[in-house]
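These numbers come from the heavy atoms of this one structure, side chains and all, not from hydrogens, waters or symmetry mates.
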Amino acid sequence: QVQLVESGGGSVQTGGSLRLSCAAVGYTDSMYYMAWFRQAPGKERGGIAAIDRDGRTTYADSVKGRFTISQDNAKNTLYLQMASLQPEDTAIYYCAADYGPLSLLARLLVAGYKYWGQGTQVTVSS
């Protein structure tokens with residue numbers, strides 16, 4: 001059983017930075033795809049960044065150039081470095097993982113992932 005545990009959320013002012021972490025516990029040797037999603041109040045959960053085990057990344061347009069997804073395969077940990085945060089980035093952030101295969105389009109879709117973390121709140125104030 002794979003468990004994902006996010007950490008690093010919090011409150012920050014506009015223009016600030018945060019780094020989220022997601023530790024994967026369990027059978028992860030073949031976990032090929034990991035991603036970050038977010039869900040703001042009253043909105044659907046959407047994918048913002050994804051990475052495969054070879055380090056290839058995919059980003060949603062809304063975060064491209066501001067957020068960076070990375071991973072430490074030895075530690076089974078996923079990261080999301082967020083910079084230039086804006087109030088519209090306020091949401092619960094979730095990490096997700098799957099063995100795949102996932103097409104490029106599916107890597108930012110909720111339906112592409114079987115395993116989910118519990119979420120961590122990020123609040124950006126103006």
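For the side chain to side chain contact (heavy atoms under 4.5 Å, CB included) test, residues two or more places apart in sequence or in another chain that qualify with Thr57 are Ile51, Tyr59, Ile69. For Gln121, the side chain to side chain donor-acceptor pair (under 3.5 Å) test picks out Thr123, with sequence neighbours left out. With sequence neighbours left out, the side chain to side chain contact (heavy atoms under 4.5 Å, CB included) criterion links Ser125 to Gln13. Judged as a salt bridge (charged side-chain N to carboxylate O under 4.0 Å, His left out), and not counting sequence neighbours, Lys75 has no contacts.
Using a 4.5 Å cut-off on side-chain heavy atoms (C-beta onward), Gln86 and Thr14 make contact. A heavy-atom distance below 4.5 Å is not found between the side chains of Leu4 and Leu78.
Distance check, rounded to the nearest 0.5 Å: OH of Tyr115 to OH of Tyr33 gives 15.5 Å. Taking CG from Leu108 and CH2 from Trp36, the interatomic distance works out to 14.0 Å, rounded to the nearest 0.5 Å. Atom SG of residue Cys95 and atom CD of residue Glu6 lie 4.0 Å apart, to the nearest 0.5 angstrom. For the atom pair CE of Met82 and CZ of Phe67, the computed distance is 5.5 Å after rounding to the nearest 0.5 Å. Here the straight-line distance linking atom CE of Met34 with atom OG of Ser70 works out to 11.0 Å at 0.5 Å rounding.
Contacts classified as salt bridge (charged side-chain N to carboxylate O under 4.0 Å, His left out) and involving residues 100-124 (residues at least two apart or in different chains) are given here: Asp52-Arg107.
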Identify each donor-acceptor pair in which a side-chain atom of residues 38-50 lies under 3.5 Å from a protein atom, sequence neighbours left out, and give them as a table.
unit_1 : atom_1 : unit_2 : atom_2 : d
Arg38  : NH1    : Asp89  : OD1    : 2.8
Arg38  : NH1    : Tyr93  : OH     : 2.9
Gln39  : OE1    : Arg45  : NE     : 3.4
Gln39  : NE2    : Lys43  : O      : 3.1

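For the pair Gly117 and Tyr94, the tightest heavy-atom approach, listed with the atom from each and the gap, is O-CD2, 3.6 Å.
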Exercise. Trp116 and Val110: side chain to side chain contact (heavy atoms under 4.5 Å, CB included), yes or no, with the steps?
Worked result: CA-CA 10 Å; Trp116 292 85; Val110 170; 3.7 Å; yes
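Within 6.0 Å of the CD atom in Gln3, the count of heavy atoms belonging to other residues, nucleotides or ligands does not exceed 12.
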